[in-house]
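What you see below is based on every heavy atom in this structure, not just the backbone, and it leaves out hydrogens, waters and symmetry mates. Fair warning: this is a prediction, and the values are worked out from it, not measured in the lab.
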Amino acid sequence: MAAFLNETRFLSLDLNYGRDVSARMLEYLLDNGLTREEYAFFLGHRLKPHCVMGNDYYVTNEHCVYPDGHLEPSGDVFGYAMITREYFDRYRLPVMHSETNAPEGPLGREAVDWLTKVWANVIRIRNDGVPVMGFTWYSLTDQMDWDTGLRERHLRPYPVGLFDLERRVRPVGTAYRDLIRAWQDVLPTQSVALTLPLAPAAPVSPRSSAGPLPRQEQAEDMGREERGRLSAGRAGVPRR
């Protein structure tokens, strides 16, 4: 079951990036209403060269599958760096760390500690060569009813912002500011020079829903995919 769930978590990106799925996942898609024509549509629309891959990371993202089949959040067992590496190795796209937060707990440092941990993971994968385009703490202010995922109306502030709803900075807001100050002279020297699209859009070949592509067309597709792989450089910083 864990192996199956680990395949399904890639499905939305596989389809949007036009990546062929495994036989088991194709069977799962067809069993749940996707038509062969719709599957061919996703494979034929080559959006990947135009994309930056955004991924969120929260302490509730990772789950443990128990012998009886139920799931529970397991905390950051593997962590942002390891999981993002899986996605980068699969799709070969620049990454945007698009969202994270943690509530300010009774000690007052819980959110700061989470920020420090996730930021360290982001720097780790940058140093390992993954082109990370940015980092986001969500959100600027506390959220209303965020603790129930907006499913219930309590009008209750949830302390996940850099500022509270009275515009008073929280400890995590001060820590976020300090990160910017500490890294502002370092990160520009490691910037990835990015121009979108990453590769010219390839002409869309008509695909038959009755079977695989002819061998020659498969080879041409593989060549276009290879040419579309990310080519990253370093942006120069003017001397002062």
When rounded to the nearest 0.5 angstrom, what is the spacing between OG in Ser22 and CZ in Phe4?
9.5 Å

Indicate the atoms forming the closest heavy-atom contact of His63 with Pro73, along with that distance.
CD2-N, 3.5 Å

What I'd like to find out is whether the side chain of Asp142 reaches to under 4.5 Å of the side chain of Glu104, using heavy atoms alone.
no

Taking Glu62 for its side chain and Gly79 for its backbone only, find out whether a donor-acceptor pair lies under 3.5 Å.
yes

Donor-acceptor contact below 3.5 Å, side chain Gln184 vs main chain Ala182
no

Residue pairs fulfilling salt bridge (Lys or Arg N to Asp or Glu O under 4.0 Å) with at least one residue in residues 152-164, sequence neighbours excluded
Asp147-Arg156, Asp164-Arg168

When rounded to the nearest 0.5 angstrom, what is the spacing between CG in Leu43 and CG in Asp14?
10.0 Å

Between Asn121 and Asp76, is any pair of side-chain heavy atoms under 4.5 Å apart?
no

In short, Ala111 meets Trp137 closest at the heavy-atom pair O-CH2, 3.6 Å

Pairwise distance CZ(Arg167) to OG1(Thr141) - rounded to 0.5 angstrom
9.5 Å

Decide if atom CD of Glu27 counts as having more than 12 heavy atoms of other residues, nucleotides or ligands within a radius under 6.0 Å.
no

Pairwise side-chain contact, Met144 with Pro157, heavy-atom cut-off 4.5 Å (strictly under)
yes

For Tyr91 and Phe10, work out which heavy atoms get closest and say how close.
OH-O, 3.2 Å

Test of understanding: with side-chain hydrogen bond (donor to acceptor under 3.5 Å, both in side chains), list the residues that count as partners of Asp68, not counting sequence neighbours.
His70

Phe163 reachable from Ile180 in the ILVMFWY side-chain graph, under 4.5 Å edges
yes

Which residues pass the side-chain contact (heavy atoms from CB on, under 4.5 Å) test with Leu5, sequence neighbours left out?
Met1, Thr8, Val65, Leu71

Rounded to the nearest 0.5 angstrom, the CG-OH distance for Leu162 and Tyr138 is 12.0 Å

For the residue pair Val172 and Gly161, what are the closest heavy atoms and their distance?
CG1-O, 3.5 Å

What heavy-atom pair brings Arg124 and Ala81 nearest, and what distance separates the two atoms?
CG-CB, 4.4 Å

Please answer: with hydrophobic residues joined when any side-chain heavy atoms are less than 4.5 Å apart, are Val186 and Leu179 in the same cluster?
yes

Is the shortest side-chain heavy-atom distance between Val130 and Arg85 below 4.5 Å?
yes

I'd like to check Thr35 versus Phe41 (side-chain heavy atoms, cut-off strictly below 4.5 Å). Are they in contact?
no

Verify the neighbour count for atom CZ of Arg19: are there more than 12 heavy atoms of other residues, nucleotides or ligands below 6.0 Å?
yes

Heavy atoms, side chains only, cut-off 4.5 Å: are Arg9 and Glu86 in contact?
yes

Lys48 versus Tyr17, closest heavy-atom pair with distance
CB-O, 4.0 Å

Step-by-step side-chain contact (heavy atoms from CB on, under 4.5 Å) determination, Phe135 to Val118:
CA-CA 10 Å; Phe135 175 82; Val118 178; 3.8 Å; yes

Please output the side-chain donor-acceptor pairs of residues 93-100 that fall under 3.5 Å, not counting sequence neighbours, one pair per line with the distance.
{"unit_1": "Ser98", "atom_1": "OG", "unit_2": "Asn55", "atom_2": "N", "d": "3.1"}
{"unit_1": "Ser98", "atom_1": "OG", "unit_2": "Asn55", "atom_2": "O", "d": "3.1"}
{"unit_1": "Ser98", "atom_1": "OG", "unit_2": "Asp56", "atom_2": "OD1", "d": "2.6"}
{"unit_1": "Glu99", "atom_1": "OE2", "unit_2": "Tyr58", "atom_2": "OH", "d": "2.5"}
{"unit_1": "Thr100", "atom_1": "OG1", "unit_2": "Tyr57", "atom_2": "O", "d": "2.5"}
{"unit_1": "Thr100", "atom_1": "OG1", "unit_2": "Trp114", "atom_2": "NE1", "d": "2.8"}

Tell me whether Ile125 shares a hydrophobic cluster with Val77, the cluster being built from Ile, Leu, Val, Met, Phe, Trp, Tyr side chains joined at under 4.5 Å.
yes

Approximate separation, where rounding is to 0.5 Å, of Arg24 CZ and Leu29 CG:
12.5 Å

Side chain to side chain, Leu34 and Phe42, heavy atoms closer than 4.5 Å
yes

Consider only side-chain heavy atoms of I, L, V, M, F, W and Y, link residues closer than 4.5 Å, and tell whether Tyr176 and Trp146 are in one cluster.
no

Please tell me whether Tyr28 and Leu15 are part of a single hydrophobic cluster in this structure, the criterion being side-chain heavy atoms less than 4.5 Å apart.
yes

So, using ring-ring contact (aromatic ring centres under 6.0 Å, His included) as the criterion, who are the partners of Phe78 when residues are at least two apart?
none

Could I get the full list of salt bridge (charged side-chain N to carboxylate O under 4.0 Å, His left out) partners for Asp178, not counting sequence neighbours?
none

